[in-house]
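Step one of this worksheet: look at the structure below.
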Amino acid sequence: TQDERPPYQQPPQRQQTPPQRQQNPPQLPPPKEQQPPQQQPPPQQQPPPQQQPPPQQQPPRQQPPPGGAGGAQAVPPIKAMPQPLSQGDRFEVTLQREGSQPVGLQIGRSKNDVNNMLVAGVNTDGLVHVWNRDNPDRPIEKFDTIVAVDGITGFEGMQAAFKQVLTQGKPFNLTMVKGGGIPMSAASISTDSATPRAA
């Protein structure tokens with residue numbers, strides 16, 4: 001008997017993998033040359049803002065007088081003038097002596113009132129002259145009577161008070177009676193010195 005041999009089978013062929021191609025690396029572009037930084041131009045200086053002139057002030061508008069353009073303007077009230085003193089009226093006078101300024105008053109005795117002082121005259125360069133200029137309604141005039149100096153009465157007492165006024169230089173007060181005095185003699189005494197002189 002013949003040996004039964006199996007048919008001849010070819011061995012399986014190995015699949016050969018094709019050789020892998022080496023891939024070339026991507027070509028990079030050549031580096032660009034670095035250019036130096038461009039210098040920026042300096043900023044242009046802006047001109048200073050122009051100063052605007054101050055607004056002109058318009059003068060205030062004058063309001064028309066009441067009653068229209070042709071109306072009558074208001075008349076200010078008239079001040080009442082003080083009444084002049086009459087003979088026998090009593091009034092007060094306050095004087096302030098500055099430095100060596102004289103009182104400017106001539107005094108004497110009155111026939112009808114020997115206890116008080118009679119104004120025999122007023123000088124033009126003293127306190128009394130200034131008082132008369134500033135107080136025309138209460139002037140000290142010739143033949144007025146001084147009945148008290150700072151509250152002191154009597155002829156001799158008022159003489160001493162005047163001397164004290166000249167040394168202290170403080171304000172002093174005279175109590176006066178308007179008019180009516182009759183000079184006893186033509187001689188008078190200045191309130192600024194003890195030397196009698198003719199009135």
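Everything numeric here is computed off the predicted structure, so don't read it as measured data.
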*Tell me, with the steps shown, if Gln101 and Leu127 meet side-chain contact (heavy atoms from CB on, under 4.5 Å).*
CA-CA 7 Å; Gln101 188 177 13; Leu127 296 176; 3.2 Å; yes
Basic-acidic side-chain contact under 4.0 Å: Glu98, Lys170:
no
message: For Phe172, does the six-membered ring have the charged nitrogen or CZ of Arg97 within the cation-pi criterion, i.e. under 6.0 angstrom from the centroid and within 45° of the normal?
response: no
List, one per line, each side-chain donor-acceptor pair under 3.5 Å for residues 112-119, sequence neighbours excluded.
| residue | atom | partner | partner atom | Å |
| --- | --- | --- | --- | --- |
| Asn112 | OD1 | Ser110 | OG | 2.3 |
| Asn112 | ND2 | Gly180 | O | 3.0 |
| Asp113 | OD1 | Asn116 | ND2 | 3.3 |
| Asp113 | OD2 | Asn116 | ND2 | 2.4 |

- Task: Check the hydrophobic clustering (I, L, V, M, F, W, Y; side-chain heavy atoms under 4.5 Å; chains of links allowed) and say if Phe143 and Phe155 are grouped together.
- Result: no
Discussion item. Are Leu166 and Phe162 linked, directly or through intermediate hydrophobic residues, by side-chain heavy-atom contacts shorter than 4.5 Å (ILVMFWY only)?
Written reply: yes
One should read off an interatomic distance between Thr145 OG1 and Ile140 CD1, to the nearest 0.5 angstrom, of 12.0 Å
Report the C-alpha separation of Asn132 and Val122 in whole Å, then their side-chain angles, then the decisive distance to 0.1 Å, and conclude whether the side-chain contact (heavy atoms from CB on, under 4.5 Å) test is met.
CA-CA 10 Å; Asn132 291 346; Val122 177; 4.1 Å; yes
Handout entry: Pairing of Asp144 and Lys178 as salt bridge, 4.0 angstrom limit
Key = yes
dist Arg109:CZ -> Ile107:CD1 (nearest 0.5 Å) comes out at 9.5 Å
_Polar side-chain atom of Trp131 near backbone of Pro136 as donor-acceptor pair, under 3.5 Å_ = no
- Report yes or no: does Asn173 contribute a side-chain atom to a donor-acceptor pair with the main-chain N or O of Asp150 at less than 3.5 Å? no
So NZ of Lys163 and CD of Gln168: to nearest 0.5 Å the spacing works out to 14.5 Å
d(Thr124 OG1, Arg133 CZ) to nearest 0.5 Å is 12.0 Å
For this session: Starting from the C-alpha separation in whole Å, work towards a yes-or-no answer on side-chain contact (heavy atoms from CB on, under 4.5 Å) for Leu174 and Val149.
Result: CA-CA 5 Å; Leu174 301 179; Val149 178; 3.8 Å; yes
Leu85 and Leu95: same hydrophobic cluster, using ILVMFWY side-chain contacts below 4.5 Å? yes
Is a side-chain N or O of Arg138 found less than 3.5 angstrom from the main chain of Val93, in a donor-acceptor match? no
In sequence, state the C-alpha distance, the side-chain angles, and the governing distance for Arg90 and Val147, and then conclude on side-chain contact (heavy atoms from CB on, under 4.5 Å).
-> CA-CA 9 Å; Arg90 182 176 292 229; Val147 296; 3.9 Å; yes
Less than 4.5 Å apart, side chain to side chain, heavy atoms only: is that true for Met158 and Ile146?
yes
Subject >> Heavy-atom side-chain contact between Val177 and Asp89 under 4.5 Å >> reply: no
